[in-house]
Amino acid sequence: MDEELMNNHLFGRKISLLVSLCVSASCCFAQSETTSETMSLDALSTGVPETVLPPLRSEQTQSVEVSSSPSDVSVTVTVDPNIADLEKDLTAYLSETGNVTTTTLADFENLMRERYTSEQTVNLKTVVLGTLKNSKDIILSGYNVRTALNSVIAEEGIYDLQTYASANASDSETPVNVYRNTTTKEGRAVYRLLEEQYSLNAGMSQLLASGGTVDWSVDWEKDVTNDSNTVSPSWYSGTKVSISQPLLKGFGRDVTEYGIRMAGLEHCLSTQALRQSAIDAVGNAMMAYYDLVQANATVLVQRIALAQANELLRVNMAKYKADLLPQLDVLQAQAELSQREQDIVSGLKLTGDASDQLFFYFGDLLSSKNVALIPQDMPSLPAYELDEDKFMADARRYNPTYLQTLININKAQETERYAYDQMRPNLTANAGVRASGAGRDGIAPIDGVLDNKYTSWNAGLAWRFPLQNRNATANYASSLIGIQSAGTNRELTELNLLTNIREGIRQAQASFARTQFGKSTVEYNIQKVSDGVKRQTVGLATSYDVLQFEQDLANARISLIQALCLYNKSIIQLEMMKGTLFNRLCITPCGDLVLLNPNSLTKVPM
């Protein structure tokens, strides 16, 4: 009776095995069998050239046979010939690559050593200082600041004292009809009138803050003629003071100094752009530093995983030779060893990329062709208070992009006031006074001017105004739109800052939590690898299990490293968004960028 139950039990297990084999052998063809006997290639590859997909075979040779006797169960599996054809096609594809020399990990590392012949240690301080000194973005922004400053100086030139002078000489011969006898007025003749004139004029003018102009000039003149009715030579001189003052349009300091204030605001914009460029360059360089730390640490983890796979391969090889393990376990270890070598090659490539990227920010990339950077400052978990309201207050106070929106609002308001002034009528008052003198030598006219014997004056008003005034009206309407646009841009910038700060806070919180969970995950996986090796030694675990446990440990360690670096990068990004990165690094811009560390005061010229 017991033997019959045992046979029934074994028969049930065999039937279950057969059912599972049947399902796995025919599941992919179940739909085609219920709908139609064959499935065309066009139905599977619509729009795809037939040369891309291998032809499908309607005849499937994979089968499962089940005996009706409980004591005799046989399974016959016939391999689809299509697989062999596909293998041949794949071999044809690979044969087109030509002769490829097999490269080992040692060969690749030797190649990397030839590529990087020297090493250079680097820390965060050298990264920050080097970036401030060598960043091309900062240098270009510095040029813009200087250009804007020169524009301010140029606009202030409206108050420069204007001087002028001119000298002229002329000689003319004029025919004149005259009487031969001037008394009786009889007879006519043509008389040649000769005239020579020499003049000199000089003066200066000054623009007033009110928009008016004060002008002072002196003139000197000598006339020579053959006219008997005129004293020759004759000398004249005079001096004149005049003023011109707009009363409506163009009146006042606001209008006069409009260009100066606009140039000053442009200089403020370029200064904030310089601060933003410096913050971006330093922040990106610091994050590139942590990318390098992560890349180097990842390679270290991959080397540990490689050593573990190599040790497992050694053990499996010894057991295989002793007929304690099948060859499959050796092949699994060898395949995993090759995969981990491939991971190290990829990791070394990423390390080189991170090193070049860091050199791009803080050093000369062209001169660092054969230099590998070795980071010294490792990532930590500094205490960092995450307060959204405080972060937004700091951003409104320090963020250069937000401050630029406020400056643009000031520019729009200045433009609106100037455009309103331009709609006014042009009413200008003019006044002047002149003292003159004359004589037969060059000194006498000057004496006459000084004695103020001959004085003249003038005064008047000038009015000018276009009746429709469409140009000024349209410009004023555009200035009002400019104010609205500047205000909307400020609101949009504030919303973007709020969004980015919230994302940064969540990123920092998640990264910090990942580090806490990551530590536990690494510890559990270390124990799992240790137990797996012990169980594999006594045959309770397979080589595949041990290799998977080791890979899980490597992934956990890499994830922990990523979380640590990402937490530090999140802090940097938050400081960049607030505009307080320099405050945190004890750097303040004051003409030069000065490192305010009392132990090492260092100036970095812009």
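Counting heavy atoms from C-beta on, the side chains of R340 and E336 come closer than 4.5 Å. The shortest distance between side-chain heavy atoms of N144 and L274 does not fall below 4.5 Å. Considering only heavy atoms from C-beta on, N568 stays 4.5 Å or farther from Y289 through its side chain. A 4.5 Å side-chain heavy-atom check between F582 and L132 finds at least one atom pair inside the cut-off. Contact annotation: the side chain of V345 never approaches that of K349 to less than 4.5 Å [non-hydrogen atoms, C-beta and beyond]. By the 4.5 Å heavy-atom criterion applied to side chains, Q339 and Q342 are counted as neighbours. Looking at heavy atoms from C-beta onward, Q334 lies in side-chain contact with M317 at the 4.5 angstrom threshold.
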Working note: Q357 + Y361, criterion side chain to side chain contact (heavy atoms under 4.5 Å, CB included); need CA distance, chi angles, decisive distance, verdict. CA-CA 7 Å; Q357 186 65 34; Y361 287 112; 3.1 Å; yes
If you apply the rule side chain to side chain donor-acceptor pair (under 3.5 Å), what do you find for T542 with Q536, and how did you get there? CA-CA 6 Å; T542 65; Q536 194 259 355; over 6 Å; no
Steps toward side chain to side chain contact (heavy atoms under 4.5 Å, CB included) verdict (F359, N134): CA-CA 10 Å; F359 258 120; N134 301 319; over 6 Å; no
Residue pair K519, E523: steps toward the salt bridge (charged side-chain N to carboxylate O under 4.0 Å, His left out) verdict: CA-CA 6 Å; K519 293 177 182 178; E523 294 174 358; over 6 Å; no
Could you check L381 against Y567 for side chain to side chain contact (heavy atoms under 4.5 Å, CB included), going step by step and ending with a plain yes or no? CA-CA 8 Å; L381 283 175; Y567 177 72; 3.6 Å; yes
Tell me, with the steps shown, if I374 and V122 meet side chain to side chain contact (heavy atoms under 4.5 Å, CB included). CA-CA 6 Å; I374 307 300; V122 63; over 6 Å; no
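Q302 and T298 share no side-chain donor-acceptor pair at under 3.5 Å.
Across L564, D291, L574, a single residue satisfies side-chain contact (heavy atoms from CB on, under 4.5 Å) together with K569, and that is D291.
The distance from atom CG of N489 to atom CD of E494, rounded to the nearest 0.5 Å, is 11.5 Å. The distance from atom CZ of F512 to atom CD of Q516, rounded to the nearest 0.5 Å, is 4.5 Å. A distance of 4.5 Å separates CG in N296 from OG1 in T351, rounded to the nearest 0.5 Å. One distance of note links CG of D394 with CG of L497; it measures 11.5 Å at 0.5 Å rounding. Summarising the geometry, atom CG belonging to D387 is positioned 10.5 Å from atom CD1 belonging to I501; distances are rounded to the nearest 0.5 Å. Rounding to the nearest 0.5 angstrom, the gap separating the CG atom in N284 from the CG atom in L358 is 11.5 Å.
Annotation for Y320: atom OH does not count as buried by contact number, only 12 or fewer foreign heavy atoms lying within 6.0 Å. Counting heavy atoms of neighbouring residues, nucleotides and ligands inside a 6.0 Å radius, atom CZ of R584 exceeds 12 of them.
The minimum heavy-atom distance linking A305 with A554 is given by the pair CB-CB, 4.1 Å. Considering every non-hydrogen atom in both M392 and L498, the closest pair reads SD-CA, 3.7 Å. The minimum heavy-atom distance linking R275 with L403 is given by the pair NH1-CD1, 4.4 Å. Nearest heavy atom pair, residue A395 against residue M577, reads CB-O, 4.0 Å. Closest heavy-atom contact between T515 and L560: O-CD1, 3.5 Å. Among all heavy-atom pairs drawn from M286 and V127, the shortest one is N-CG1, 4.3 Å.
Under the rule for a side-chain hydrogen bond (donor to acceptor under 3.5 Å, both in side chains), the partners of T126 that lie at least two apart in sequence or sit in another chain are N123.
Remark: side-chain polar atoms of N310 are not paired, donor with acceptor, to backbone N or O of L306 under 3.5 angstrom. For T521 (side chain) and F517 (main-chain N/O), a donor-acceptor pair under 3.5 Å exists by modelled atom type. Under the 3.5 Å distance criterion, the side-chain polar atoms of S530 are left unmatched by any main-chain donor or acceptor of I526. Side-chain atoms of T580 never come within 3.5 Å of backbone atoms of M576 as a donor-acceptor pair (strictly under, hydrogens ignored). Proximity of a side-chain donor or acceptor of T405 to a complementary backbone N or O of Y402 within less than 3.5 Å is detected. The backbone N or O of S277 sits nowhere less than 3.5 Å from a side-chain atom of D137 that would complete a donor-acceptor pair.
For residues 322-333, the pairs satisfying side-chain hydrogen bond (donor to acceptor under 3.5 Å, both in side chains) are D329-S543, with sequence neighbours left out. Residue pairs meeting the side-chain hydrogen bond (donor to acceptor under 3.5 Å, both in side chains) criterion with at least one partner in residues 552-566, sequence neighbours excluded, are R514-S559, K528-D552, Q548-D552, Q551-N555.
Salt bridge status for K390 with E385: absent, with no side-chain N to carboxylate O gap under 4.0 Å. The residues R535 and D531 are annotated as not salt-bridged, no charged nitrogen and carboxylate oxygen being separated by less than 4.0 angstrom.
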